[in-house]
Peer 1: 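I am attaching a structure below and will ask some questions about it afterwards.
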Amino acid sequence: MQASRARLFKEYKEVQREKAADPDIQLVCDDSNIFKWTALIKGPSETPYEGGVFQLAFSVPEQYPLQPPQVRFLTKIFHPNVHFKTGEICLDILKNAWSPAWTLQSVCRAIIALMGHPEPDSPLNCDSGNLLRSGDIRGFQSMARMYTRLAAMPKKG
């Protein structure tokens, strides 16, 4: 556990130092628990998520970095690889392709990349996956844009 604390503290210092370097990701450690983090990520441009800000919750195991963190969307998102109710994310690096070389920041980058390149063949959200698999790109983008507007964009007024 001491090694995971040291690693997380090192990542915390890097995040503080590089805040301006990556404007798409705002990673914040819980004040009272270094194993709990949240992130705000910006939806990638030229996707239905553009303009949205999505909140992620990280639960880091004591075996980190040998085991991956558990990450889920707190913001509702219409995406084939994200469970609509729980926010669970289907991403290989959070499961069997994890490597201790990954950091919480690089996990956020991978999630942003997944937002721009959904994998409809392993869906957690079947409605979203089915739209893409059947070739209804317009239908998928319209639903994804609608949920982005409803859940991930600041309310006007």
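In what follows, every heavy atom counts, from backbone to side chain, and hydrogens, waters and symmetry copies are set aside.
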Peer 1: State whether the side chain of Glu11 and the backbone N or O of Leu104 hold a donor-acceptor pair below 3.5 Å, judged by distance alone.
Peer 2: yes
Peer 1: State, yes or no, whether a side-chain contact exists between Phe73 and Glu88 at a heavy-atom distance under 4.5 Å.
Peer 2: no
Peer 1: In the single-linkage hydrophobic clustering (I, L, V, M, F, W, Y; side-chain heavy atoms under 4.5 Å), do Leu74 and Val82 co-cluster?
Peer 2: no
Peer 1: Do Pro80 and Leu124 have side chains that get closer than 4.5 Å, going by heavy atoms?
Peer 2: no
Peer 1: NZ of Lys76 to CD of Gln55: how many Å apart, nearest 0.5 Å?
Peer 2: 13.0 Å
Peer 1: Which residues pass the salt bridge (charged side-chain N to carboxylate O under 4.0 Å, His left out) test with Asp22, not counting sequence neighbours?
Peer 2: Arg109
Peer 1: Suppose we call two aromatic rings close when their centres sit under 6.0 Å apart. Are Tyr147 and Phe84 close by that rule?
Peer 2: yes
Peer 1: In terms of hydrophobic clustering (I, L, V, M, F, W, Y; side-chain heavy atoms under 4.5 Å; direct or indirect links), are Phe140 and Met146 co-clustered?
Peer 2: yes
Peer 1: Taking NZ in Lys95 as the centre, count heavy atoms belonging to other residues, nucleotides or ligands within less than 6.0 Å. Is the count above 12?
Peer 2: yes
Peer 1: How many angstroms lie between CD in Glu14 and CG in Leu27, if you round to the nearest 0.5 Å?
Peer 2: 11.0 Å
Peer 1: Short question: side chain of Thr148, backbone of Gly52 - any donor-acceptor pair under 3.5 Å?
Peer 2: no
Peer 1: For atom CZ of Phe35, is the number of surrounding heavy atoms from other residues, nucleotides or ligands below 6.0 Å larger than 12?
Peer 2: yes
Peer 1: Taking C-beta and beyond as the side chain, do Phe54 and Leu40 meet within less than 4.5 Å on heavy atoms?
Peer 2: no
Peer 1: For the side chain of Trp98 and the backbone of Pro65, is there at least one donor-acceptor N/O pair under 3.5 Å apart?
Peer 2: yes
Peer 1: Would you give the length of the straight line joining atom SG of Cys108 to atom CD1 of Ile25, rounded to the nearest 0.5 angstrom?
Peer 2: 5.0 Å
Peer 1: Keeping the roles fixed (side chain from Ser106, backbone from Trp102), state whether a donor-acceptor pair exists under 3.5 Å.
Peer 2: no
Peer 1: Do Ser128 and Leu131 come within less than 4.5 Å of each other through their side chains, counting heavy atoms only?
Peer 2: no
Peer 1: Below 4.5 Å, heavy atoms only, C-beta onward: do Leu114 and His79 meet side chain to side chain?
Peer 2: yes
Peer 1: Can you confirm whether Asn33 is buried at CG, in the sense that more than 12 heavy atoms of other residues, nucleotides or ligands lie under 6.0 Å from that atom?
Peer 2: yes
Peer 1: When you measure from the side chain of Arg7 to the backbone of Pro100, do you find a donor-acceptor pair of N or O atoms at a distance under 3.5 Å?
Peer 2: yes
Peer 1: Has Glu50 got a side-chain atom pairing as donor or acceptor with Glu46's backbone, closer than 3.5 angstrom?
Peer 2: yes
Peer 1: For Gln16, look at atom CD and say whether over 12 heavy atoms of other residues, nucleotides or ligands are found less than 6.0 Å away.
Peer 2: yes
Peer 1: Within a strict 4.5 Å, meaning less than it, do heavy atoms of the Cys29 and Ile34 side chains meet?
Peer 2: yes
Peer 1: Is any side-chain heavy atom of Leu91 closer than 4.5 Å to a side-chain heavy atom of Ile111?
Peer 2: yes
Peer 1: In a check of side-chain contact (heavy atoms from CB on, under 4.5 Å) between Pro120 and each of Leu132, Asn125, Asn81, which one passes?
Peer 2: Leu132
Peer 1: Looking at every non-hydrogen atom in both residues, tell me the closest pair between Leu94 and Pro69 and how far apart they are.
Peer 2: CD2-O, 3.8 Å
Peer 1: How many angstroms lie between CG in Asp30 and OG1 in Thr38, if you round to the nearest 0.5 Å?
Peer 2: 8.0 Å
Peer 1: Of all heavy-atom pairs between Phe58 and Ala39, which one has the smallest distance, and what is that distance?
Peer 2: CE1-CB, 3.8 Å
